Every structure is written in C-alpha cells, then in structure tokens.
Amino acid sequence: MKPGPRAKALWRGALDLIFPPQSLDGGPAPQSGGISAEAWSRIQFIDGPVCDGCGAPFEFETLDRCAACAAKPRAFDAARAACLYDETSRDPILKLKHADRLDLAPLFARWLSRAARELLEEADAIAPVPLHPMRLLHRRYNQAAEIARPLAQLSGVRYLPDALVRTRATATQGGKSGSGRKRNVAGAFHVPNPDRVRGLRILLIDDVMTTGATAEGCARALKKAGAARVDLAVVARVKERSGLTI
C-alpha cells in the first residue's frame, strides 16, 4: 500500500528535523529544500514576452518572432526557457550536470512546467536531448533526462527517454561559433524506432540553449522520422554570447 500525501508530508517533516534542508546554492538555509532567497532574487526568470521561435525575451510586446527567427526559421517549431543563463543560474545548472546534484532536477522540472506550460499542453510526448553512450558512461546520467522525467510526471505527458540516440561522440560545443556548433552535431542524432514518434508533437528537453544547434540537430532527426512537430524547453538560455562555460 502506497503512503498517501499526508503520510508523505509527515515523513518529509520528520526528515527535515533530522536533516535540516540546505540551500542548493550554498546560501542561508531555506524554509524548504531549494535555492536561498538571496540567490532566487538574482535569477533572471523569463516572464515577459518572448520570441516564439527561440524563446529570447523581448523588452516590449512586439512581433511573434525575433528578426533572426523570422529571417531563418529554426528546425524546431518553438522554444521556451525558464531563465537566462548567467553567473547566478550557471552554478546550480553545472552542479546538476557535473557534480551529481540530481536533487536539482525536480526543481528545474517545476521551473519548466511553468515556463513551457503552453508547449506542454500541446505536447504528445516529452523526450530528452541524448548523450553519447561513452559520455553517459563517464557522467553516469543524462542531466536532460533527469529533468525530463519529473517534468513528464508533473504534466502527465508521456515520457519517451529513448526516442533519440546520439550515434556520434561529438566534441564539446563550448568555444565554438554558431556555424561550428552546427557542423559539430550534424548527423549526430538518430531515431531508432520511427513508429514511436511518427505523427507526434514532441517536446524536447535540455538544460541550456546557446545557439540552438544541438536542439536543431535533434529536431531534424525527429522530423525526418515523422514527428509532426518538435518544440524545445530548456532551463536556461544564453541571451548573448557571454563566454560562460556550459
């Protein structure tokens, strides 16, 4: 028999008495597990109007798409990000990615459930951007999958963890130009079972979007396999090329 919500709440309360919650950013202890109030206030959440194509924030309500997306549409249909990638958001994102902080994944999933609400309402399935098997062996987990799984549970949207595979071990995207990033991931993604995605509206999940080259490579593979639509949701997006390590 599974414990009910009240029993779970009592159990969490008992654990908090024994192991008081720590802030995920190393700041003062929060009222519950999460980011301290000070760090929370510095995160630049994207709440206003955005470009429907790439999720870039607009200062004012304007056209649906930014000039770049209007001139050259992306391979994915729409994108949303929970916040901007900067010195504040970078730390918890890298802790999930490289420091085994899997406890951050449900937090990021909650951020995306809000930021990508419209895309989630239209999605038939959620799929993470995949890692190459060798990188997965080294890292032991895929941070995109760790975010996508609880997001699927929160939203009730079907989770397809193996909709995509990365067939080529690409070099890191860090330090590459936009065109260099596209060349780096060209042909790197494959849909092993097209019947699982054919005709579906797929919401692709990743941690950070810089130029969007990786997401576009995934979107092309999914659409080639018959997906009806591919949207993108990321925890953070780079507003401008800032030089921050991802």
Side-chain angles (χ1 to χ4, degrees), residues 43-86 89 93 111-129 144 147-148 151 157 163-164 170 173-189 191 197-244 246:
I43 292 178
Q44 298 186 63
F45 288 102
I46 300 175
D47 293 321
V50 299
C51 169
D52 190 52
C54 67
F58 288 143
E59 291 187 14
F60 307 100
E61 194 74 46
T62 180
L63 300 176
D64 291 338
R65 304 218 164 198
C66 67
C69 288
K72 188 176 181 181
R74 306 270 186 159
F76 47 83
D77 295 278
R80 294 292 185 273
C83 64
L84 293 180
Y85 188 78
D86 57 19
S89 62
I93 288 172
W111 290 6
L112 286 186
S113 70
R114 179 177 180 273
R117 182 177 61 254
E118 295 176 358
L119 302 183
L120 281 165
E121 290 174 352
E122 297 179 354
D124 297 312
I126 289 173
V129 169
I147 298 168
L151 180 61
V157 178
L164 278 164
T170 57
Q173 294 280 64
K176 290 183 171 58
S177 65
S179 59
R181 285 170 177 257
K182 289 182 179 180
R183 289 193 299 271
N184 189 42
V185 297
F189 302 100
V191 177
V197 304
R198 187 171 292 117
L200 298 186
R201 296 166 295 184
I202 306 290
L203 180 59
L204 193 64
I205 304 299
D206 206 358
D207 54 353
V208 179
M209 171 182 167
T210 304
T211 65
T214 297
E216 287 198 88
C218 292
R220 289 190 183 95
L222 286 165
K223 289 186 174 181
K224 183 179 179 181
R229 178 184 175 97
V230 179
D231 295 321
L232 171 68
V234 297
V235 176
R237 75 173 324 280
V238 176
K239 186 176 182 179
E240 296 175 355
R241 295 300 295 276
S242 60
L244 290 174
I246 297 177

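Just so it is clear, the model here is predicted, and its values are computed rather than measured.
- Interatomic distance, CG of L204 versus SG of C218, reported as 5.0 Å (0.5 Å rounding).
- Using a 4.5 Å cut-off on side-chain heavy atoms (C-beta onward), F189 and L222 make no contact.
- Across V197 and A225, no two heavy atoms sit closer than the pair CG2-CB, 3.8 Å.
- T211 OG1 to M209 CE: the interatomic distance, rounded to the nearest 0.5 Å, is 7.0 Å.
- For the atom pair D52 CG and L119 CG, the distance stands at 7.5 Å (nearest 0.5 Å).
- We find the CZ-CZ distance between R229 and R201 to be 9.0 Å, quoted to the nearest 0.5 Å.
- Taking the side chain as every heavy atom from C-beta outward, K239 and I46 never approach each other to under 4.5 Å.
- At distances below 3.5 Å, not a single donor-acceptor pair connects side-chain atoms of D231 with backbone N or O atoms of A79.
- D206 pairs with exactly one of V235, V234, I147 by the side-chain contact (heavy atoms from CB on, under 4.5 Å) rule, that one being V234.
- When all heavy atoms of A219 and V230 are compared, the closest pair comes out as CB-CG1, 3.9 Å.
- Across all their heavy atoms, R65 and G53 have their closest contact at NH1-CA, 3.4 Å.
- Considering only heavy atoms from C-beta on, L112 stays 4.5 Å or farther from L120 through its side chain.
- By the 4.5 Å heavy-atom criterion applied to side chains, R74 and L232 are not counted as neighbours.
- Put simply, the side chain of S89 gets close to the backbone of L84: a donor and an acceptor are under 3.5 Å apart.
- The two atoms that bring C66 and C51 nearest to each other are N-SG, 3.1 Å, heavy atoms only.
- Here CG of L151 is found 14.0 Å from CH2 of W111. Values are rounded to the nearest 0.5 Å.
- Between A148 and P128, the shortest heavy-atom contact is CB-CB, 4.1 Å.
- Here the CD1 atom belonging to I202 is positioned 15.5 Å from the CZ atom belonging to F76, to the nearest 0.5 angstrom.
- With a 4.5 Å cut-off on side-chain heavy atoms, V208 and I93 count as touching.
- A heavy-atom distance below 4.5 Å is found between the side chains of E118 and R80.
- Taking both residues in full, the closest heavy atoms of A125 and L200 are given as CB-CD1, 4.4 Å, listed atom of the first, atom of the second, then distance.
- Residues R114 and D47 meet the side-chain proximity criterion, which asks for heavy atoms closer than 4.5 Å.
- In this structure the side chain of V191 reaches within 4.5 angstrom of the side chain of L164, judged on heavy atoms.
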